[in-house]
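What follows is a single structure, written as structure tokens, with notes after it.
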Amino acid sequence: MCYFSVPFIFLEQCIYESITNLIFLYLRSGLEEVFPDVRSLCILHSSSSLPADSFSHIPLLEHLYLDGSHLAKVTSGAFAGLPKLRFLHILVSSSWGGVNVTLEPGVFQGLSSLEELTLAGMSLALAPPALLDPLVRVRSLRVDRAGARDLGELFCLLSPGMEKLETLELPDSMVSSIQNGGCSGSNPWPTVLLSRIRILDLSGNPVRRVEPKSLSVFQNLSSLSLSMVDVWVGQLWGSGMGRVNKLYLSSYTLKQFTPSLSDLCTLVVKHGVESLDLHLALITAFTAEVMKRCGPGLRQLSVTSEDLSGMDLGFWTGTGQIQGLMMVLTKLTNASFCSAGGGRVWNLTSLILHENHLTEITTDQFSCMPLLERLDLSGNHISSLAHRALQGIPLLRVLDLTHNKISLLGEDDFEGLPALEVLLLEGNKISGGIAHGVFRRQHRLQDLSLGEIDIIYQLYLNMLFLGFPTKLQHLLIDTGPGTYLTVGHVPAPEFPMVLELRGKMIQSSDCENNMFPMVRELKVGEGTKFDCNNIFLAPYFLNLESFEFSANPEKFATPYTTINQLRKLKRLKLTNLNFSNHTDPSVTFRNLTELRSLVLINCRLNFLTRSMFTDLVSLRVLRLYSESPLILLEGVFIPLLSLSTLVFDQVDFRCDCSNGWLLDWADNSRKTQVVLLQRQQCIWHYQRLNFLSTMERLCQTEDDFLSYVSTTATVCTLLCLALGYRFLRWPCVVLFFRLRGWVEKRRMGGQWEELIEGEEGEEVRYDAFVSFSSGDEAWVLGEMAPMLEEGEPRLRLCLHHRDFEVGKGIVDNIAENIYCSRRTVCVLTRRYLRSDWCGLEMRVATHRLLSEHSHRLILIFLEHISPFELSAFHR
């Protein structure tokens, strides 16, 4: 099976690692080649319409993502035959206004199992009224960028049968007003359905007015998201809505939403809000006195604002029940909440101060927060941690200090954090050193990322911990220009580990330790020298299941063939290895019988041979990227018995017919989908040409040419015969009989003259008896008779109205005159066939023809008559 063109932009890890049931397809024609057992399908659709039964041959499909930038019409039954489809996403346009797409009634017919539906970028103003009726099991509906001005336009599309609907998202749809004006035809909103909604998302809409009682149908929302433009918050508590557990309010654009904290607190109290999220809102008078009006019910507060200059850091004392605080992009320079609180204890559990202007953490800065479990200070300008800066928060489990300017890790920096499980220091250039025992108290540590370690030539892991945290599951170390990594004598971790090593050079001297065998996933960064006493370090990780390695072949010449010792490996990604000079590819992949995914990126391979993949019997995904020309020898993929996906990210083939087998294999393979082959190029006389078109032009065989010529000739012959039968049948028949008569005359010679003289010698009264219907009398008397009786030679005709004997019976006249004529001429029309007398004349003439064998019976057809309307003899 071959999919020649697939988009490269969606969920790379899915297409390369989920392996079997996810297919990405760039659709320019039908979907006939998609495997019938596919469960997930993502399509870039370039056609203007989606016909009926487009996916009916994929009955097991559960997830469908459809990006149709040119889609203008979806016909009825387009998704028929998908009884197991649970998630459907249709993206038409990324524009804000939405484009007009014709949705015929019955588009979603048969989607009885659908649970989530997303319609993005299409205007639903002309949608049929019963569009969503079949979706009785939908739990989540998202209509994005629909271009509706009134919220009621979208509510009225909902079907009363959607009883399971709980999440309704209508973001970025240009809704400017919220008013309950009902639906068209004086029909009300589907209030019973709307009352069951738990999550309502109206974010990204320029709401300018909220009418009184317009939201009264929503009495028990768990979440409401709303964007506003110069709207007084009082319009919300006058809207009639009931309890809202989580409320998200944002400004549509900068400086268009300036609520007062007092009004916000009134809103919180009236609607029982427990979590309040304010985004791009300009808030004044952020003080403890005003916060008292929010009451004890507010638990979570999130603020994103460019200006909180008037904020009192002791605002939290007004309501000591806030358990989670997030202040992002607020230009905060000081986080002295505790000192501003006057010694009060704050039962805060989560504090996020991401992307602010903090420069330091002072002593006991968070000591009033004994219950704090998560502290996020990432994206600031913190350069140092003061002595005892993190004291007083013994329950802290997550500390995020990424992307700051911390240069030194002191011995007591994390002294007061015995419960710490996640410590993130990535993005800090640690040039001042790391003290021994800096993490000695973190026995519960599960995730540790160290920033760029600069000018530290030897890193002893055991000295950092004065032991080793046995619960550690993820360790990231950025060594910068490089370091010697020593694990030391440490106990074995209790859980399998993920180890990420970045830097230009990583070397180790104690390769056999208790940590390496517990590593299941190893990622070694770009351009890295990775060895132990000049031997490739990877084989010392005996139980590896996933290995990603990026080298610098121009600087380091290390043989990598010992990768074949990693017998438990299931996923392997190699980047910038130099197979051509230092590594034998036919040996590198031996013994890897459990490998399922192999990615080779720019590994200096000139050839791919069958011997390279002999042992890869479990391989299901193979991804290739090469900046240099690559030759695939015939049969290279035959050993890959389980291969289901072959991805050509970028491969410059040679324009050589030796690669022609690949096209035949891709077309005929029923178990392997070939991805992105149509986009590949080949090198031809220093030019880059499209691989497929060039191969078809260069490598067309003589058999192919003869087959093409014979097929063309056959089609042309059949076409000519059909046209000839339609337009030249009767002229050809006449010509045939004339030629036949001429041939008989030439063949008989003198006998022909004697035959004519014999006929003339017979005693006959007429040359021909003319049998015709009275309805055809005008043609017989006006054209036929004058031409025969007055022309050369003159013939004597027997016409019943002129030559029948008066007083004699009609039957006697017919018989006598037929037997007195050399020939009988029957002028056939449908009127003739319906006449009894005409039928009698034909039967008498036929009887004489059969009895004497010398009589001639001539049939003249004045109109087309089917042979089946005549007797079997006359056909």
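- Although no hydrogens or angles enter the test, the distance criterion places a donor-acceptor pair under 3.5 Å between the side chain of Ser449 and the main chain of Leu425.
- Residue-environment remark: CZ (Phe286) exceeds the threshold of 12 foreign heavy atoms within 6.0 Å.
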Check: Would Arg604 and Glu627 count as a salt bridge (charged side-chain N to carboxylate O under 4.0 Å, His left out) if you check the C-alpha gap in whole Å, the side-chain angles of each, and the deciding distance to 0.1 Å?
Finding: CA-CA 8 Å; Arg604 311 300 199 275; Glu627 294 179 354; over 6 Å; no
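- Judged by distance alone, with hydrogens and angles left aside, the side-chain atoms of Thr349 form a donor-acceptor pair with the main-chain N or O of Gln323 at under 3.5 Å.
- With hydrogens and angles disregarded, a donor-acceptor distance shorter than 3.5 Å links the side chain of Asp312 to the backbone of Gly314.
- Side-chain atoms of Asn513 come within 3.5 Å of backbone atoms of Asp510 as a donor-acceptor pair (strictly under, hydrogens ignored).
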Check: Run the salt bridge (charged side-chain N to carboxylate O under 4.0 Å, His left out) check on Glu494 and Lys471 step by step: do they pass?
Finding: CA-CA 6 Å; Glu494 297 178 3; Lys471 298 183 182 297; 3.8 Å; yes
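- Within 6.0 Å of the CZ atom in Arg299, the count of heavy atoms belonging to other residues, nucleotides or ligands exceeds 12.
- Counting only distance, with no hydrogens or angles, the side chain of Ser305 and the backbone of Ala281 share a donor-acceptor pair below 3.5 Å.
- When all heavy atoms of Phe516 and Tyr540 are compared, the closest pair comes out as CB-O, 3.7 Å.
- Salt-bridge formation is not detected for the pair Glu594/Lys570: no Lys NZ or Arg NE/NH1/NH2 atom is positioned less than 4.0 Å from an Asp or Glu carboxylate oxygen.
- For the residue pair Ser378 and His354, a side-chain donor N or O sits within less than 3.5 Å of a side-chain acceptor on the partner.
- Under the 3.5 Å distance criterion, the side-chain polar atoms of Asn428 are left unmatched by any main-chain donor or acceptor of Ile430.
- Using a distance-only test at 3.5 Å, with no hydrogens or angles considered, a donor-acceptor pair links the side chain of Ser626 to the main chain of Ser628.
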Checklist line | Derivation and outcome, side-chain hydrogen bond (donor to acceptor under 3.5 Å, both in side chains), residues Thr562 and Gln565 | finding: CA-CA 6 Å; Thr562 50; Gln565 298 178 25; 5.1 Å; no
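- For the residue pair Cys294 and Val268, the shortest heavy atom distance occurs at O-CG1, 3.8 Å.
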Check: Which is it for Arg502 and Glu452 under the salt bridge (charged side-chain N to carboxylate O under 4.0 Å, His left out) test, yes or no, and what are the steps along the way?
Finding: CA-CA 9 Å; Arg502 301 174 186 172; Glu452 182 180 336; over 6 Å; no
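- The pair Glu415-Arg388 does not meet the salt-bridge criterion, since no charged nitrogen lies less than 4.0 angstrom from a carboxylate oxygen.
- A pairwise comparison of heavy atoms in Asp447 and Leu424 identifies OD1-CD2, 4.2 Å as the closest pair.
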Note to self: Using the rule given for side-chain hydrogen bond (donor to acceptor under 3.5 Å, both in side chains), can you reason through Ser383 versus Glu360, listing the C-alpha separation, both sets of side-chain angles and the distance that settles it, and then say yes or no?
What the structure shows: CA-CA 6 Å; Ser383 58; Glu360 63 176 348; over 6 Å; no
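- Checked for salt-bridge contact, Glu421 and Arg374 miss the test: no charged N lies under 4.0 Å from a carboxylate O.
- Using the six-membered ring where Trp is involved, Phe547 and Phe549 have ring planes that are parallel, under 30° apart on the 30 and 60° scheme.
- With hydrogens and angles disregarded, no donor-acceptor distance shorter than 3.5 Å links the side chain of Ser367 to the backbone of Gln391.
- Looking at Asn380, its side chain never comes within 3.5 Å of a backbone N or O of Ile382 through a donor-acceptor pair.
- Nearest heavy-atom pair, Leu264 versus Leu249, reported as atom, atom and distance to 0.1 Å: CD2-CD1, 4.0 Å.
- Between Pro517 and Phe541, the closest side-chain pair of non-hydrogen atoms is not below 4.5 Å.
- Under the 4.0 Å criterion applied to side-chain N and carboxylate O atoms, Arg440 and Asp412 are assigned as salt-bridge partners.
- The minimum heavy-atom distance linking Asp615 with Arg590 is given by the pair OD2-CA, 3.4 Å.
- A donor-acceptor contact closer than 3.5 angstrom links the side chains of Thr330 and Asn356.
- Met497 has its side chain out of reach of Arg520: every pair of non-hydrogen atoms, C-beta onward, lies at least 4.5 Å apart.
- Here the options are Gln446, Glu500, Glu521, the test is side chain to side chain donor-acceptor pair (under 3.5 Å), and the partner is His474; only Glu500 passes.
- Ring geometry, Trp346 versus Phe315: the interplanar angle exceeds 60°, so the pair is classed perpendicular (tilted spans 30 to 60°).
- Thr483 and Gln458 get closest at one heavy-atom pair: OG1-N, 3.7 Å.
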Next item on the list: Go through Asp454 and Ser431 one step at a time and tell me if the side-chain hydrogen bond (donor to acceptor under 3.5 Å, both in side chains) criterion holds.
Entry: CA-CA 5 Å; Asp454 193 18; Ser431 58; 5.3 Å; no
